[in-house]
Amino acid sequence: MSTLPKIHAIKGMNDILPPESARWEWFESIVRQTMTRFAYRNVRTPMLEHTQLFARGIGEVTDIVEKEMYSFQDRADKYGDNDHLSLRPEGTAGVARAAVEHNLLYGGGQRLYYLGPMFRRERPQRGRYRQFHQVGAEALGYAGPQVDAEMILLATELWRALGLRDWRLELGCLGQPDERRAHRAALVAYFEAHADQLDEDARRRLHSNPLRILDTKNPAMQALAEGAPRLLDFLGAASQAYFAAVQDALRACGIGFSVNPRLVRGLDYYNLTVFEFITDRLGAQGTICGGGRYDYLLEQIGGKPAPAVGWAIGVERVLELLKEEGVAVPEPAPDAYAVIPDAAALPQALRCLQALRAHGVAVQMHASADASLGSMKSQLKRADASGARFALIFGADELAETQVTVKALRDGAGAQQRQPLNDVSTWADGLRQRLT
Ligand code: ATP
Ligand code: MG
């Protein structure tokens with residue numbers, strides 16, 4: 001008897017188990033279809049990167065880089081250079097790095113998407129985990145409001161394909177660096193005049209990154225943030241025209257939105273268009289997708305300047321919202337369950353099952369913890385519980401005639417038919433539930 005203590009998963013890092021994992025696979029397949037419809041191609045970058053990438057890309061003075069990253073010093077030996085490494089807290093910086101490193105924009109722009117785990121050392125709560133998953137889309141090397149609009153339309157098409165209804169779109173414009181500088185000066189003056197109301201974070205950021213103060217999660221600071229000078233009021237004609245063009249494109253496509261002048265986003269690399277998709281059904285963690293234009297990021301990480309726009313979706317939050325909205329997700333079940341009452345039938349049964357699978361039929365073979373097959377009745381019970389539409393009965397009578405009984409368990413339950421054991425091609429198609 002073992003008395004060793006159990007080992008638990010790390011807090012905020014979740015196992016994704018059946019049947020929940022089926023929802024993930026369904027979600028991912030819809031993501032892939034949707035991306036393909038917009039001509040976005042898959043990209044996969046490492047989970048671990050040099051900390052510098054995130055510090056320079058996301059911004060030194062951001063929640064993510066200041067306190068949320070899992071970082072460590074790698075050893076100095078023949079495998080490592082004593083580098084400071086971090087688990088990726090988001091996907092854009094890595095994709096941008098890969099684009100620069102492999103000169104991906106040499107022949108023009110690239111529409112890319114990714115899907116995978118991200119790591120942030122935040123307080124775990126509903127909708128906020130330490131390992132969570134993002135789907136991200138990035139259009140690199142493309143300028144113009146129509147690309148920003150495409151990016152937003154890509155997200156709305158994904159919501160449509162998933163059956164998600166309860167979202168709203170908030171839109172903002174961060175302008176260009178010179179406009180932000182002018183706004184920043186006004187912002188510092190405003191917060192300095194209200195220094196007594198600033199919390200510790202805000203005081204620290206007042207001179208390093210005052211825009212971040214607007215992103216505060218501290219309820220006591222909300223009113224102060226509300227009254228701060230608005231970046232929208234500092235936009236010049238070009239930025240205003242750009243923002244108007246994005247809005248016109250969305251209106252033309254029937255996408256509702258509201259302009260949120262306080263939308264600053266938690267990362268430093270954005271300019272011009274920023275947006276969030278928000279739901280009111282998930283409490284405080286209501287942002288399901290955030291993104292914007294980041295024309296200065298590639299340069300920031302050492303590449304040639306190139307325009308870019310992208311977003312990231314929080315997969316856990318979207319799946320939770322689908323549940324809240326009662327969206328039915330197909331639950332996979334085998335097409336057939338093999339009932340094998342007598343061990344003598346196993347070799348022939350296995351051969352038949354293998355042939356069925358080669359014909360695209362999903363078959364579950366009966367098995368138990370003690371290797372005994374159990375009674376026909378108990379096996380049929382299992383067959384029923386598996387959700388299969390058919391039981392395949394490899395009984396002695398059937399085998400004597402090189403046949404198998406196909407018994408319906410769902411529609412027309414009870415109906416049964418004998419089929420030839422060695423020629424599944426004539427009847428395999430009839431078992432398949434999900435003809436492609
Ligand atoms: P929040 O304001 O909720 O902290 P964020 O601005 O930090 O979000 P982004 O960096 O823009 O988030 O990431 C895009 C999306 O990823 C978010 O809108 C959210 O859906 C999801 N996300 C971010 N952090 C987490 C987390 N710790 N756990 C689960 N999902 C997350
Ligand atoms: Mg955050």
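As the structure lists them, so they are numbered: ligands from 1, and atoms in each ligand from 1. The analysis underlying the following values was restricted to heavy atoms, covering all of them including side chains, and did not include hydrogens, waters or symmetry mates.
Not a single heavy atom of E276 sits less than 4.0 Å from an atom of ligand 1. At least one heavy atom of E122 sits closer than 4.0 Å to an atom of ligand 1.
Residue-ligand proximity, T287 to ligand 1, at heavy-atom distances under 4.0 Å covers atoms 17 (C), 18 (O), 19 (C), 20 (O). Ligand 1 places these atoms under 4.0 Å from at least one heavy atom of I288: 20 (O).
Among the candidates R205, R204, K217, the single residue satisfying the salt bridge (charged side-chain N to carboxylate O under 4.0 Å, His left out) test with D63 is R205.
Legend: side chain to side chain donor-acceptor pair (under 3.5 Å) pairs involving residues 237-246, not counting sequence neighbours, sorted by first then second residue: D148-Y242, E179-S239, Y242-R293.
For S372, the side chain to side chain donor-acceptor pair (under 3.5 Å) partners are D370, not counting sequence neighbours.
Of all the heavy atoms of D63, none lies under 4.0 Å from any atom of ligand 1, so neither backbone nor side chain is involved.
Checked against the 6.0 Å centroid threshold, F277 and W311 do not count as a close aromatic pair. Between Y40 and Y113, a ring centre-to-centre spacing not shorter than 6.0 Å is recorded.
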Using the rule given for side chain to side chain donor-acceptor pair (under 3.5 Å), can you reason through Q364 versus R382, listing the C-alpha separation, both sets of side-chain angles and the distance that settles it, and then say yes or no? CA-CA 10 Å; Q364 179 172 340; R382 292 294 184 88; over 6 Å; no
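The shortest N or O to N or O distance between E316 and ligand 1 is not under 3.5 Å.
Ranked by closest heavy atom to atom 10 (O) of ligand 1, the top entry among E90, Q285, Q125, R120 is R120. Comparing E68, M118, R128 against atom 1 (P) of ligand 1, the shortest heavy-atom distance belongs to R128.
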